[in-house]
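Take a look at the structure set out below.
Scope of the values below: all heavy atoms of this structure, side chains included, with no hydrogens, waters or symmetry mates.
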Amino acid sequence: MKTINGAKMKQMIISGTNNLYNHYPEIDALNVFPVPDGDTGTNMNLTMASGAKEIQNRNDEDVYSIAKAFSRGLLMGARGNSGVILSQIFRGFAQALDGKSTIDVKELSDAFINGKDVAYKAVMRPVEGTILTVIRESATALHDNLSNVNSIEKAFEVLINEAHASLERTPELLPVLKQVGVVDSGAAGLIKILEGFQAAIKGKMIEKETASAFEDNKPEMAGANVDGDEFGYCTEFIMRLAKEEDAKRHFEESRFSRWLSIHGNSLVVVRDEDLVKVHVHTLRPGEILNFAQQFGEFVKLKIENMTEQHTKLTEEKQEENIPVEQKEYAIIAVAVGDGIEKMFKELRVDYIVSGGQTMNPATEDFVKVIKECNAKNIYILPNNSNIILAASQAAEVCEDVNVKVIPSKSIPQGLVACMMFNPEATVDENYAEMCEALGNVITGQVTFSIKDTVIDDVEIKKDQFMGMKNNKEIICCRDDKFVAAKELIESMLDEMSSIVTIIYGEDVNDEEANAFADKIMAEHEDLDIDLKKGNQPVYSFIIGVE
């Protein structure tokens, strides 16, 4: 094959998307840290599905139209750092095809080189040993060997061979990968996409497997999630898990959550011994309930039609036909847990984007809220390092609004930044003050481990509680969450510490939380202890030290 046209590019994208879908659980398993986070494979899979949906019903013959539509879908559906970087690779790829109806080997190589360049520019501090390294080294290898490449098939052979070699070198560039004994998960996901492209070039389209490693039902490629103007059903239930000998299927929370994430969004899954609490927005609540009932029986169940509610609200607004004056400022914060949401709203936050470590919002989620704000100047608090890039990408998309992303990496940082907001100050003054405030707080988190591993000489056992400081520096791992929390706090204190904010989650009751705070106060009489009920899932404690 000498050239690629629009029809072949469409096949490549669908084949690459399907190949990633078939393998994303194993990409998730490569994640270094044993925390229940928004896994790399899941984020890349959802990002690719969004891109593929944009071209699924298109029949363009020119390659640029398909690549441009795919890039737009990736951009809006990007989740997590891996998803955003992936969207930037193919943004640059599409830009290089501008005006072209077909591309040859050299133009394909130029497109990958441009994709690499755009991706690197999108990341403020590029880290080698990641997806960036693999796209750079593989694209460069193809470019440097063009004299020996006489077909599109040969081009992909060179590209993918170097991508695999580069992937194997990632542990040498990123010490934490070598320590844990894995390769980079984002880079591995990219290779699955490229291999799907290659299969289509060879006329062997990869289809979605009818059953993946963790599910028995085959969801549609990109139509299962609530998307666009489809508001669907807010589905909530509490389920009591069946005993092991009585269960139809073995319950594994990570696999259970991944299946739900494919069939809906705004997902929260919390397990407390034999009870599982689920919140999800979906177009097909029946499928959700049928799947869940394989693992136990429902204790409580509630389904609300969000489409009906939205239609009624829209009609009421149209009847009123009252123009709304644009506000000067608005603040958007990412949070999960009704207690944490209340804290932000008390600090002038106008809109909450539901999400956090276990579910990373997409670029499109931010774009929708930015439009709803109806404000001239908007500040976004991502409150998670894996969400900052998606928020920044949304800010670029919304060119008609002055959007500034405060790079908060945790809930305590976001709260401190909000405290610094002054409605009488200028836009730039507020931005500077809020960003500066981020450095005044140390963050700690206590959550459970999802696997056995060793990181930085700390031995970690599955289901133990880890105390982590400043994102992912693991301080301790203990059987008791309160022991882990106390040890974590002690590691965070120094002679300058004055305030300790303790936000307790859904798995800690009020009596336990008060007793724990009293114990810390008794041992540190010079500290102000601020105890807050966050009701957040996954994290037993979120701690801020100022």
Task: Asp60 bridged to Lys10 by N-O distance under 4.0 Å - done: no
Task: Ile380 and Ile406: CA distance, side-chain angles, deciding distance, side chain to side chain contact (heavy atoms under 4.5 Å, CB included) verdict - done: CA-CA 6 Å; Ile380 300 179; Ile406 311 296; over 6 Å; no
Task: His164 atom NE2, over 12 foreign heavy atoms within 6.0 Å - done: yes
Open item on the list: If I compare all heavy atoms of Asn114 with all of Gly92, which pair ends up nearest, and what's the gap?
Closed with: ND2-O, 2.7 Å
- [ ] Answer yes or no: is there a side-chain heavy-atom contact under 4.5 Å between Gln536 and Ile503?
- [x] yes
TODO: Heavy atoms only: give me the nearest Val405-Pro382 pair and the separation to one decimal.
DONE: CG1-CG, 3.8 Å
Open item on the list: For the backbone of Thr3 and the side chain of Asp104, can you confirm whether one donor and one acceptor N or O come within less than 3.5 Å of each other?
Closed with: no
Open item on the list: For the backbone of Val538 and the side chain of Thr447, can you confirm whether one donor and one acceptor N or O come within less than 3.5 Å of each other?
Closed with: yes
Task: side chain to side chain contact (heavy atoms under 4.5 Å, CB included) assessment of Asn150 paired with Val105 - done: CA-CA 7 Å; Asn150 57 8; Val105 168; over 6 Å; no
Task: Glu162 bridged to Arg169 by N-O distance under 4.0 Å - done: yes
Task: Minimal non-hydrogen separation, Val397 against Leu75, with atom names - done: CG2-CD2, 3.6 Å
Task: Any donor-acceptor N/O pair, Lys462 side chain to Thr453 backbone, under 3.5 Å - done: no
Open item on the list: Any side-chain to backbone donor/acceptor pair from Gln393 onto Leu389? Under 3.5 Å, distance only.
Closed with: no
Task: Distance-only donor-acceptor check, side chains Ser408 and Gln413, under 3.5 Å - done: no
Open item on the list: Could you check whether any side-chain heavy atom of Ser50 comes within less than 4.5 Å of a side-chain heavy atom of Leu74, counting everything from C-beta outward?
Closed with: no
Task: Distance-minimising heavy-atom pair for Ala390 and Val84 - done: N-CG2, 3.5 Å
Task: Residue pair Lys53 / Gln56, side-chain donor-acceptor N/O under 3.5 Å - done: no
Task: Heavy-atom neighbours of Lys100 NZ exceed 12 at 6.0 Å - done: yes
Open item on the list: The test is side chain to side chain contact (heavy atoms under 4.5 Å, CB included); show your working for Arg136 and Glu128 and say whether it passes.
Closed with: CA-CA 10 Å; Arg136 174 175 59 80; Glu128 296 301 336; 3.2 Å; yes
Open item on the list: With heavy-atom distances below 4.5 Å as the criterion, would you say the side chains of Phe70 and Arg58 are in contact?
Closed with: no
Task: Close side-chain approach of Phe366 and Thr363, heavy atoms under 4.5 Å - done: no
Task: Worked check of side chain to side chain contact (heavy atoms under 4.5 Å, CB included) between Arg478 and Gln464 - done: CA-CA 6 Å; Arg478 302 288 179 258; Gln464 283 186 325; over 6 Å; no
- [ ] Establish, from distance only, whether the side-chain atoms of Asn43 and Ser82 form a donor-acceptor pair under 3.5 Å.
- [x] no
Open item on the list: Donor-acceptor check, side chain of Thr170 to backbone of Leu167, threshold 3.5 angstrom: yes or no?
Closed with: yes
Open item on the list: Quick check against the 3.5 Å criterion: does Thr102 have a side-chain atom that pairs as donor or acceptor with the backbone of Asn5?
Closed with: no
Task: Sidechain N-carboxylate O distance under 4.0 Å for Glu172, Lys178 - done: yes
Open item on the list: Within this structure, what is the CD1-OG1 distance for the pair Ile543 and Thr443, rounded to the nearest 0.5 Å?
Closed with: 10.0 Å
Open item on the list: Do Met48 and Met44 make a side-chain contact, defined as non-hydrogen atoms from C-beta onward lying under 4.5 Å apart?
Closed with: no
TODO: Look only at the side chain of Lys68 and the backbone of Leu97, and say whether a donor-acceptor pair between them is shorter than 3.5 Å.
DONE: no
Task: Residues, nucleotides or ligands: over 12 heavy atoms within 6.0 Å of Asp457 CG - done: no
- [ ] Would you check if Leu132 and Tyr120 make a side-chain contact, meaning some heavy-atom pair closer than 4.5 Å?
- [x] yes
TODO: Output the distance between atom CG (Asp110) and atom CD1 (Ile103), rounded to the nearest 0.5 Å.
DONE: 9.5 Å
Open item on the list: Is there a side-chain contact between Met9 and Ile13 in this structure, where contact means two heavy atoms from C-beta onward sitting under 4.5 Å apart?
Closed with: yes
Task: Approximate separation, where rounding is to 0.5 Å, of Gln95 CD and Arg91 CZ - done: 5.5 Å
Open item on the list: Could you check whether any side-chain N or O of Asn19 sits under 3.5 Å from a backbone N or O of Ile193, counting only pairs where one atom can act as donor and the other as acceptor?
Closed with: no
Task: Close side-chain approach of Val441 to Val545, heavy-atom, < 4.5 Å - done: no
- [ ] Give the minimum heavy-atom separation between Gly467 and Leu488, together with the two atoms involved.
- [x] C-CD1, 3.9 Å
Task: Ser71 OG to Tyr64 OH distance, which is reported to the nearest 0.5 Å - done: 8.5 Å
Open item on the list: Using modelled atom types and a 3.5 Å cut-off, is there a donor and acceptor pairing between side-chain atoms of Arg79 and backbone atoms of Asn360?
Closed with: yes
Task: Exercise: do Asp28 and Thr42 side chains pair donor with acceptor under 3.5 Å - done: yes
Task: Donor-acceptor under 3.5 Å (Ser101 side chain, Asp62 main chain) - done: no
Open item on the list: Check the orientation of Tyr24 and Tyr21. Use parallel for under 30°, tilted for 30 to 60°, and perpendicular for over 60°.
Closed with: tilted
Open item on the list: Once you measure the plane-to-plane angle for Phe256 and Phe251, does it fall in the parallel (<30°), tilted (30-60°) or perpendicular (>60°) bin?
Closed with: tilted
Task: Least distance between heavy atoms, Gly414 atom then Leu381 atom - done: O-CD1, 3.9 Å
Task: Separation between CD1 of Ile474 and CD1 of Ile460, rounded to the nearest 0.5 Å - done: 3.5 Å
Open item on the list: With rounding to the nearest 0.5 angstrom, report the CZ to CD distance, Phe112 to Glu107.
Closed with: 13.5 Å
Open item on the list: Would you say that more than 12 heavy atoms from the other residues, nucleotides or ligands in this model lie under 6.0 Å from the NZ of Lys404, or not?
Closed with: yes
